[in-house]
Q: 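Below you'll find the structure I mean.
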Amino acid sequence: MNFFEGELRQMFGDAENISNAQFVGRTMLGKLDDDLLVKAQFISTHISKHYDAIQVSILNRTDGVVDKETMLFGDIIGPKFTKCSDKVNPYMWEESTGKAYWYTPISITEKANIADTVLDYIGMFQEDSLAMQFK
């Protein structure tokens with residue numbers, strides 16, 4: 001298991017609304033219901049190998065992408081201070097050696113906030129949530 005898989009497992013491994021979750025590299029793919037899947041992937045939005053966001057896609061098995069959202073870590077948990085006292089949006093860095101880590105370490109609580117934001121988003125697409133909207 002690499003660093004990114006470990007982070008995804010920590011954030012989504014016990015999620016009740018995602019079943020049959022599979023983790024590969026920077027990507028998690030799981031089942032939401034009989035028709036919908038969720039794909040969550042750490043992505044770089046500006047600088048190569050600076051993973052500053054998680055992109056979440058809701059996929060229909062037969063019709064493809066239903067919706068896609070990119071969530072910046074800085075928007076969810078705010079900027080962090082570096083060792084040089086500069087404020088930066090949090091990101092994971094992958095060195096040329098392949099070693100990866102949080103450039104500005106984040107807490108378990110902050111990881112939980114990221115996970116909760118993603119889970120709230122995908123919850124809108126699950127059958128129970130949709131049924132509630134039309135009542």
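The model shown is predicted, which means the values in this text are computed figures rather than measured ones.
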Q: So how far is it from Asp75 CG to Asn89 CG, rounded to the nearest 0.5 Å?
A: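 If we round to the nearest 0.5 Å, Asp75:CG and Asn89:CG are 7.0 Å apart.
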
Q: Does Lys80 form a salt bridge (charged side-chain N to carboxylate O under 4.0 Å, His left out) with Glu110? I'd like the steps, not just the answer.
A: CA-CA 11 Å; Lys80 306 288 286 180; Glu110 290 168 322; 3.0 Å; yes

Q: Between Val88 and Ile77, is there a shared hydrophobic cluster once you connect ILVMFWY residues whose side-chain heavy atoms come closer than 4.5 Å?
A: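 They do not share one cluster, since no chain of ILVMFWY contacts under 4.5 Å joins Val88 to Ile77.
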
Q: Quick one: does Met92's side chain get under 4.5 Å of Phe3's, heavy atoms only?
A: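 Met92 reaches Phe3 side chain to side chain.
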
Q: Where do Asn60 and Asp63 come nearest, in terms of heavy atoms and distance?
A: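 Minimum heavy-atom contact is OD1-N, 3.0 Å.
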
Q: Can you see whether Tyr121 engages Glu69 through a side-chain donor-acceptor pair at a distance of less than 3.5 angstrom?
A: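 No, Glu69 and Tyr121 have no side-chain donor paired with an acceptor closer than 3.5 Å.
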
Q: Do Phe81 and Asp86 have side chains that approach each other closer than 4.5 Å (heavy atoms only, starting at C-beta)?
A: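 No, side chains not in contact.
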
Q: Answer yes or no: is there an ion pair linking Arg26 with Glu7, defined by an N-O contact shorter than 4.0 Å?
A: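 Looking at Arg26 and Glu7, the cut-off is not met.
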
Q: With under 30° as parallel and over 60° as perpendicular, where do the rings of Phe4 and Tyr51 fit, or are they tilted in between?
A: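 Rings of Phe4 and Tyr51: perpendicular, over 60°.
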
Q: Counting C-beta onward and ignoring hydrogens, is there a side-chain heavy-atom pair between Leu59 and Val38 closer than 4.5 Å?
A: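 No. Closest side-chain heavy atoms not under 4.5 Å.
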
Q: Quiz question: by atom type and distance under 3.5 Å, do the side chains of Glu94 and Tyr101 form a donor-acceptor pair?
A: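 Result is no, nothing qualifies.
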
Q: Is the side chain of Asp52 donor-acceptor paired with the backbone N or O of Thr45 at a distance under 3.5 Å, no angle test?
A: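 Indeed, once roles are kept as given, a pair shorter than 3.5 Å links the two residues.
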
Q: Backbone N or O of Asp34 within a donor-acceptor pair of the Arg61 side chain at under 3.5 Å?
A: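 Looks like yes, one N/O pair under 3.5 Å.
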
Q: Go through Val56 and Lys68 one step at a time and tell me if the side chain to side chain contact (heavy atoms under 4.5 Å, CB included) criterion holds.
A: CA-CA 6 Å; Val56 184; Lys68 184 187 294 188; over 6 Å; no

Q: Taking all non-hydrogen atoms of both residues, which atom of Leu119 and which atom of Ala15 are closest, and how far apart?
A: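 For Leu119 and Ala15, the tightest heavy-atom pair comes out as CD2-CB, 3.8 Å.
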
Q: Mind checking the OG1-CD spacing from Thr27 to Gln55? Nearest 0.5 Å is all I need.
A: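 Reported to 0.5 Å precision, the distance equals 9.5 Å.
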
Q: Any side-chain heavy atom of Ile43 sitting closer than 4.5 Å to one from Ile54?
A: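 They are not in contact (no side-chain heavy atoms under 4.5 Å apart), so the answer is no.
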
Q: Identify whether Tyr103 and Phe42 are in the same connected component of the hydrophobic contact network (ILVMFWY, side-chain heavy atoms under 4.5 Å).
A: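 No, it is not one cluster - the side chains of Tyr103 and Phe42 are not joined through contacts under 4.5 Å.
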
Q: Roughly how far apart are Asp116 CG and Met11 CE, rounded to 0.5 Å?
A: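 Taking CG in Asp116 and CE in Met11, the distance rounds to 10.5 Å.
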
Q: Between CD of Gln41 and OG1 of Thr70, what distance do you get to the nearest 0.5 Å?
A: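 Spacing of CD (Gln41) from OG1 (Thr70) equals 10.0 Å.
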
Q: Do Leu29 and Val24 land in one hydrophobic cluster if side-chain heavy atoms of ILVMFWY residues count as linked below 4.5 Å?
A: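 No.
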
Q: Distance check, rounded to the nearest 0.5 Å: Trp93 atom CH2 versus Ser44 atom OG?
A: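 Going from CH2 on Trp93 over to OG on Ser44, the span is 11.5 Å.
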
Q: Take Lys111 and Ile106, measure what side chain to side chain contact (heavy atoms under 4.5 Å, CB included) needs, and give me the verdict at the end.
A: CA-CA 7 Å; Lys111 289 179 189 180; Ile106 67 170; 3.5 Å; yes

Q: Could you tell me which non-hydrogen atom of Lys31 sits nearest to which non-hydrogen atom of Leu37, and how far apart they are?
A: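 In this case the closest contact between Lys31 and Leu37 is CA-CD2, 3.8 Å.
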
Q: Indicate whether the side chain of Gln126 and that of Asp33 have a donor and an acceptor atom separated by less than 3.5 Å.
A: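 Short answer, no.
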
Q: Could you report the tightest heavy-atom contact between Gly78 and Pro90, atom names first, then the distance?
A: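 Of all heavy-atom pairs spanning Gly78 and Pro90, the closest is O-CD, 3.4 Å.
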
Q: Ignoring hydrogens, what is the shortest heavy-atom contact between Gly25 and Leu8? Give both atom names and the distance.
A: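 So the minimum-distance heavy-atom pair works out to O-CD1, 4.2 Å.
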
Q: Given side chains that start at C-beta, do those of Met28 and Ile18 come closer than 4.5 Å, heavy atoms only?
A: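 Met28 vs Ile18: side chains touch.
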
Q: Any side-chain heavy-atom pair from Met71 and Val118 closer than 4.5 angstrom?
A: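 Contact flag for Met71/Val118 side chains = yes.
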
Q: Contact between Phe73 and Ile114 at the side-chain level, heavy atoms closer than 4.5 Å - yes or no?
A: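 A side-chain contact exists here, since the closest heavy-atom pair is under 4.5 Å.
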
Q: Above 12 or not: heavy atoms from other molecules or residues under 6.0 Å from CH2 of Trp102?
A: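 It does: Trp102 CH2 has more than 12 such atoms within range.
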
